[in-house]
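The chain is numbered in sequence order, starting from 1.
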Amino acid sequence: QQVSDQVRNTGENAEAVALRQKGIEVYQADQYEEALKLMEASLEVDPSDSTTIYNIACLHALLGHPDQALEWLDRSVEAGFHAPAKLGSDEDLTSLRGDPRFEAAVARARELSGPAGGEEMAIARTLLTRLLDSMGILDYAATVTSTDGHSTYSDSLSVLVEDAQGNPLYPVLAGGTPIEDFTRWLPREATSFTVDSSLSVQALYGFVRDTVQGMGPAGEQGWQAWEDAQLKMDFVVEEDLLSWMGPTSVQASLDLDAGAGWILLMEALDEEAAREGLDWALELIPEMIAELAAQAPPLAMMQMRVSPTQNAELEGFHDVSMGMMPQPMVFGVRDGWMMMGSSQDALLAAIRTASGEHESVRANEALMAKLLVPDGPVQSIRFTDHTGDAQEAVAILGAVAMGGGMVASQIPDPDEREVVTQLLRILGKLGPVIARIDFYDSSASYTRFDGRAWTTHAVTHYVPPTPAEDGGDGGQ
């Protein structure tokens with residue numbers, strides 16, 4: 001019966017995985033003695049990790065210690081490193097091949113490994129265990145909801161377990177910084193916004209890396225392939241992106257004199273690195289689109305054009321146009337933030353608000369009357385205007401039906417074409433139904449985190465019904 005490599009009892013301790021990863025990095029630099037020390041330190045944290053034990057066997061083999069290598073190899077197999085194919089092909093173990101003890105270890109691994117396809121099950125089991133263990137960070141949650149007039153209020157509490165700081169998810173969830181002044185970048189013209197500092201993207205990336213590498217040889221090989229791909233692109237995510245990204249972001253929709261607009265700001269801990277990353281992206285993406293368009297000519301309509309912004313207040317920024325856009329978007333780095341906006345006016349409104357030259361959202365009396373305003377720092381705060389949601393949904397539905405009709409007309413099979421056409425007709429009839437879902441006015445919330453628990457206060461406002469809708473006499 002054909003067997004498949006399986007690795008069990010590995011990747012269950014985040015601290016041990018982190019030490020093992022450092023050992024792998026040193027090993028890749030051919031510093032075997034130092035790598036062995038790191039692997040031994042990892043094993044002290046998690047003595048049962050089969051992958052770490054296997055790595056120690058490999059390092060002893062590379063260092064010319066055959067007896068110790070074979071002893072550790074036997075231990076790795078008994079600990080759960082049931083990977084006969086890996087043992088048979090790993091170049092680190094070349095010096096051991098031909099030794100009866102090595103062949104016995106391979107035979108034992110083959111005996112303990114499962115049938116072909118079992119590796120996928122082992123990976124799935126390891127992943128599920130990792131995720132379930134991480135989800136155990138939450139102790140309990142509670143919510144209280146009340147109604148006042150045409151508004152629904154809720155107060156929620158989510159509490160972590162006492163030893164949450166030892167959970168690999170804790171650095172992800174607790175990596176944000178309190179927001180002192182959420183209105184700093186929000187101009188008076190804001191209609192909806194989110195200011196958030198909840199997660200650490202660096203810690204999230206580390207959690208994903210440790211989870212993948214904790215799946216055994218397949219996971220480690222997969223992650224190595226990802227790192228090799230980054231090197232080929234000359235863009236290393238941790239160094240060229242995550243190194244400068246702060247936890248705070250600002251998103252807002254604006255109602256400007258020239259029409260609707262938007263802004264997106266991401267905190268930049270290192271402005272120079274952020275600027276280099278942006279320049280790299282604005283150079284690479286147009287090239288990628290051009291290459292794709294050479295094979296699929298319709299994509300030429302999405303050609304991206306980048307040019308310096310012609311505005312003294314936005315020196316160093318870029319105008320970015322795509323397809324038939326009526327005006328270019330604007331991208332740049334300034335004052336500790338990477339900034340993107342639908343137009344120069346949109347970004348200038350935010351920049352001038354932060355400098356005190358323009359009124360902030362606090363001057364928007366209608367919005368502030370619906371907003372839940374915190375009395376101190378928060379992890380996140382949101383406000384969404386829902387008054388146009390129904391009409392936007394109807395417009396999207398109409399566009400899908402129209403575009404779908406054009407696609408359907410090109411279907412060669414008449415039966416299939418008729419089925420798609422009928423479905424599109426049904427879709428078109430949903431418009432009037434969706435248009436009546438117009439009773440949502442707005443929603444708002446803010447969240448605080450004290451290191452152990454999140455408290456969230458939220459409200460949803462509804463459009464008051466007209467007298468006729470409310471059961472009145474309709475004005476007779």
Side-chain angles (χ1 to χ4, degrees), residues 11-19 21-22 41-42 45-46 129-146 153-186 193-211 214 237-238 241-251 265-270 336-338 371-384 443-459:
E12 298 178 3
N13 185 293
E15 182 182 353
V17 172
L19 285 168
Q21 176 59 26
K22 290 180 180 178
S42 175
V45 176
D46 187 355
T129 299
R130 166 85 164 172
L131 294 178
L132 289 175
D133 288 346
S134 300
M135 289 170 62
I137 193 173
L138 183 65
D139 190 359
Y140 65 89
T143 300
V144 176
T145 303
S146 62
Y153 294 84
S154 67
D155 296 305
S156 302
L157 176 69
S158 300
V159 181
L160 302 179
V161 295
E162 290 187 6
D163 59 348
Q165 293 188 10
N167 189 294
L169 263 185
Y170 187 83
V172 179
L173 302 175
T177 55
I179 301 163
E180 299 287 345
D181 180 12
F182 71 91
T183 68
R184 180 186 175 195
W185 294 97
L186 297 176
F193 66 81
T194 298
V195 184
D196 186 89
S197 185
S198 300
L199 302 176
S200 166
V201 290
Q202 292 87 351
L204 178 60
Y205 188 83
F207 177 81
V208 172
R209 179 195 61 221
D210 295 345
T211 299
V237 171
E238 282 190 282
L241 179 62
L242 302 184
S243 64
W244 61 260
M245 287 185 66
T248 309
S249 64
V250 180
Q251 300 169 268
L265 280 63
M266 296 186 295
E267 185 180 8
L269 303 177
D270 183 336
W337 295 83
M338 177 175 284
L371 181 67
L372 290 178
V373 182
D375 58 2
V378 294
Q379 294 300 121
S380 67
I381 182 167
R382 297 173 173 83
F383 178 84
T384 304
S443 59
S445 68
Y446 68 82
T447 299
R448 289 194 173 103
F449 180 61
D450 63 5
R452 173 79 190 282
W454 289 276
T455 54
T456 299
H457 305 280
V459 62

State, with a plain yes or no, whether a side-chain heavy atom of [X] is found less than 4.5 Å away from one of [Y].
X	Y	result
Q202	E238	no
W185	V195	no
W337	E267	yes
L138	S158	yes

Taking T248 as the fixed residue, which of S198, S380, S197 is the one that meets the side-chain hydrogen bond (donor to acceptor under 3.5 Å, both in side chains) rule?
-> S197
Please find the pair of heavy atoms, one from [X] and one from [Y], that lie closest to each other, and give the distance.
X	Y	answer
P168	P171	O-CD, 3.4 Å
F383	A444	CD1-CB, 3.9 Å
T143	S156	OG1-OG, 3.1 Å
L199	P247	O-CB, 3.6 Å
T456	S445	CG2-CB, 4.5 Å
A453	L157	CB-CD1, 4.0 Å

Quick one: pull up [atom1] in [X] and [atom2] in [Y] and give me the separation to the nearest 0.5 Å.
X	Y	atom1	atom2	answer
I179	Q379	CD1	CD	7.0 Å
M338	L241	CE	CG	8.0 Å
R382	T447	CZ	OG1	6.5 Å
F193	I381	CZ	CD1	5.0 Å
L242	Y205	CG	OH	7.0 Å
H457	R448	NE2	CZ	6.5 Å

Who pairs with W454 by ring pair (Phe, Tyr, Trp, His ring centres under 6.0 Å), at least two apart in sequence or on another chain?
-> F449
Can a donor-acceptor pair be found, under 3.5 Å and without considering hydrogens, that links the side chain of [X] to the backbone of [Y]?
X	Y	result
R452	V159	no
D163	G166	no
S154	T145	no

